[in-house]
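Below is one structure; the comments refer to it alone.
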Amino acid sequence: MVEFIGMIRTSDASEIRPARGPLLDRDYTRRFAQAHEEAGFDRVLIGYHSWDADGFAVAGFAAAHTERLGFLIAHRPGFVSPTVWARKIATLDQFTEGRVAVHIISGASDTEQARDGDFTDKATRYRRTDEYLEVVKRTWAATEPFAFSGDFYRVEGALSRVPTHSRPRVPIYFGGSSADAYRVGGRHADVYALWGEPLKETADQIASVRAAAAAAGRDPADLGISVSFRPILGRTDEEAWERARAILGVIEGGTVPARGNGSAPYILDRESSVGSQRLLAAAGRGEVHDRALWTATARATGAAGNSTALVGSPETVARALLDYVDIGVTTILIRGYEPLEDAVAYGRDLLPLVRSELAHRGAAAV
C-alpha cells in the first residue's frame, strides 16, 4: 500500500493565510495533528527552518496528543553531534513506540544555513551529511563501542544504550535533486523524497536515484520514492479550478508573506536549489501537465518548497496520484493552502479513493 504523509505546523498560516495567533499555538498544533490522525494519514512531516519551532519538541508534543500518527522530523546535519542526535531520536522512538522517522535535508540555501552559523558550501554539506548518517546508523546498530574518523566527525568508544524501537532502525527519508543528493541519498535513504514534477521528469529522477542506490551496492527495489503535491479539490473539476485561480490570485497579490510566517520570512537561495529550478523549468514549459499537475503556484512563489498543485475533483486527483504510483512512487506527501481544513478534506474525499483502488488492484492480482 501507498504511505500518505501530511504536514503540521504550530500556527494557522499558509501562502494565502496570514498567521493567526502566536507562532507556537498549542491548541492549533494539537488539533492539526489529531485532524491528520482522524483523516487516516500515516505520518506528518515537521519541517525545519532557521526561524521556526524545534521539530523534535513539536513531535513530542503532538505525539502526546495522538495514538497512531507517525512523525517525520526534518533535520539538517551539522548542528548536532551525530551520536547525540542518534540517542535523541532513539529515545523519542522508544517513548512513541516506533512512530518516528527522520527526513534529512543537507540545506539548499547558503543564506539559510548561515543564520544558524554554518558557512560551508553545498557540496561540502553533502559530504558532511554522508559521514553524519554513517555515524548515526552505526550508533543505532552498535552493540560494542566503536570508533569513527572522517573529514567532519571523529568519535572514540561510542556506544548508545538506547536502542530504537523501530526495527531494524528508524526510517531515513532524504531529499534533494542534485547529483550529490542522489549519491548520498542513494546510499543511506529508505525513502527518497522528490517534489511534484510532471510524470516524465519524475520517472527520470526515480531512475537516477535508483541508479545511485545500485552504485552504492544496494538493491534499488529496496528504496522507496516519495513525491509531494499541494492538492486543490472541488466537488467538480470546474469548481476545483475556480478555487485554484482564487488561491493563485491571493499569492500573486502579495498580501501574505511567502511562507505564511507572521514574524520571520523564509528566504530560499533558489540559485542553489536544484529542486526549485526544476519546478520553475516545468512551469516555463507549461502551466498544466499530464492529468492535473498545475505549476502556476510554483511560479508565483518562486518554487520555494513543494509548490506544484494537483487540481480537480477528488476522483481526478486520485487518478493523478495513481499515475505516480504506476511509475514507482510509494509515498505521497500532500498539504493544502487551507492547512487544517484541507487535511480533513483529504481524509474524507481523497485518501479513501486512492486506497480503495490500490486494494482493488491488490485483490485482482491474487
Side-chain angles (χ1 to χ4, degrees), residues 2-7 14-16 36 39-42 44-45 175 177 193-203 205-206 225-251 275-276 278-301 303-358:
V2 168
E3 177 186 48
F4 278 99
I5 301 180
M7 183 173 183
S14 76
E15 293 90 337
I16 67 167
H36 279 86
F41 282 85
D42 297 292
V44 288
L45 172 66
S177 295
L194 305 169
W195 287 341
E197 297 184 26
L199 286 164
K200 179 185 182 302
E201 286 77 6
T202 301
Q205 285 218 77
I206 292 173
I225 302 293
S226 172
V227 178
S228 302
F229 301 102
R230 311 290 294 275
I232 300 173
L233 302 180
R235 289 171 296 182
T236 64
D237 288 348
E238 292 76 15
E239 184 178 284
W241 280 107
E242 288 179 8
R243 184 182 172 213
R245 285 188 286 271
I247 288 170
L248 181 63
V250 175
I251 294 173
S276 293
R278 290 181 65 98
L279 294 189
L280 292 174
R285 293 192 299 272
E287 194 168 283
V288 180
H289 297 261
D290 305 318
R291 192 186 300 270
L293 184 69
W294 191 44
T295 63
T297 44
R299 171 186 50 76
T301 59
N306 63 306
S307 49
T308 49
L310 293 173
V311 182
S313 67
E315 293 77 13
T316 294
V317 174
R319 288 194 294 270
L321 291 173
L322 288 164
D323 290 339
Y324 285 88
V325 173
D326 290 340
I327 64 170
V329 168
T330 60
T331 294
I332 295 170
L333 192 156
I334 52 177
R335 62 188 181 102
Y337 290 97
E338 298 178 83
L340 193 154
E341 298 91 335
D342 282 338
V344 172
Y346 297 156
R348 181 186 64 234
D349 302 326
L350 182 59
L351 272 61
L353 292 178
V354 176
R355 287 180 169 145
S356 176
E357 173 59 23
L358 291 173

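Predicted model only: the values in this text are computed from it and were never measured. This chain uses plain numbering: 1 for the first residue, then up along the sequence.
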**OP:** Apply salt bridge (Lys or Arg N to Asp or Glu O under 4.0 Å) to Arg278 and Glu197, showing your working.
**Re:** CA-CA 8 Å; Arg278 290 181 65 98; Glu197 297 184 26; 2.6 Å; yes
Subject >> Audit row: Thr295, Leu279, side chain to side chain contact (heavy atoms under 4.5 Å, CB included) steps and yes/no >> reply: CA-CA 8 Å; Thr295 63; Leu279 294 189; over 6 Å; no
Output the distance between atom [atom1] ([X]) and atom [atom2] ([Y]), rounded to the nearest 0.5 Å.
X: Ser14; Y: Ile251; atom1: OG; atom2: CD1; result: 8.0 Å
X: Asp342; Y: Met7; atom1: CG; atom2: CE; result: 14.0 Å
X: Ile327; Y: Leu199; atom1: CD1; atom2: CG; result: 5.0 Å
X: His36; Y: Ile5; atom1: NE2; atom2: CD1; result: 10.5 Å

Pairwise side-chain contact, [X] with [Y], heavy-atom cut-off 4.5 Å (strictly under):
X: Val325; Y: Leu321; value: no
X: Ser276; Y: Trp195; value: yes
X: Leu322; Y: Leu358; value: yes
X: Ile16; Y: Glu338; value: yes
X: Ile225; Y: Thr202; value: no
X: Trp241; Y: Val288; value: yes
X: Leu310; Y: Ile334; value: no
X: Trp294; Y: Ile232; value: yes

Original post:
Are any of the side-chain nitrogens in Asp326 or Arg291 under 4.0 Å away from the carboxylate oxygens of its partner?
Top reply: no
Original post:
So does Arg319 pair up with Asp237, basic N to acidic O under 4.0 Å?
Top reply: no
Please report the closest heavy-atom contact between [X] and [Y], naming both atoms and the distance.
X: Ala298; Y: Thr308; result: CB-CG2, 4.0 Å
X: Thr301; Y: Ser307; result: OG1-CB, 3.7 Å
X: Ser313; Y: Ala240; result: N-CB, 4.3 Å
X: Leu233; Y: Arg243; result: O-NH1, 3.3 Å
X: Ala300; Y: Leu248; result: CB-CD1, 3.7 Å
X: Gly234; Y: Pro314; result: O-CD, 3.2 Å

Subject >> side chain to side chain contact (heavy atoms under 4.5 Å, CB included) evaluation trace for Asp349 with Leu353 >> reply: CA-CA 7 Å; Asp349 302 326; Leu353 292 178; over 6 Å; no
Subject >> Validation row, ring centre Phe4 to ring centre Tyr346 under 6.0 Å >> reply: no
**OP:** May I have the step-by-step check of side chain to side chain contact (heavy atoms under 4.5 Å, CB included) for Arg335 and Asn306, ending in yes or no?
**Re:** CA-CA 9 Å; Arg335 62 188 181 102; Asn306 63 306; 3.0 Å; yes
**OP:** Measure from the side-chain N and O atoms of Ser226 to the backbone N and O of Ala193, and report whether any donor-acceptor pair falls under 3.5 Å.
**Re:** no
Original post:
Looking at Ile332, Leu194, Leu293, which one forms a side chain to side chain contact (heavy atoms under 4.5 Å, CB included) with Tyr324?
Top reply: Leu293
Original post:
Is it true that atom CZ of Arg285 has more than 12 heavy atoms of other residues, nucleotides or ligands lying nearer than 6.0 Å?
Top reply: yes
**OP:** Take Thr297 and Arg230, measure what side chain to side chain contact (heavy atoms under 4.5 Å, CB included) needs, and give me the verdict at the end.
**Re:** CA-CA 9 Å; Thr297 44; Arg230 311 290 294 275; 5.8 Å; no
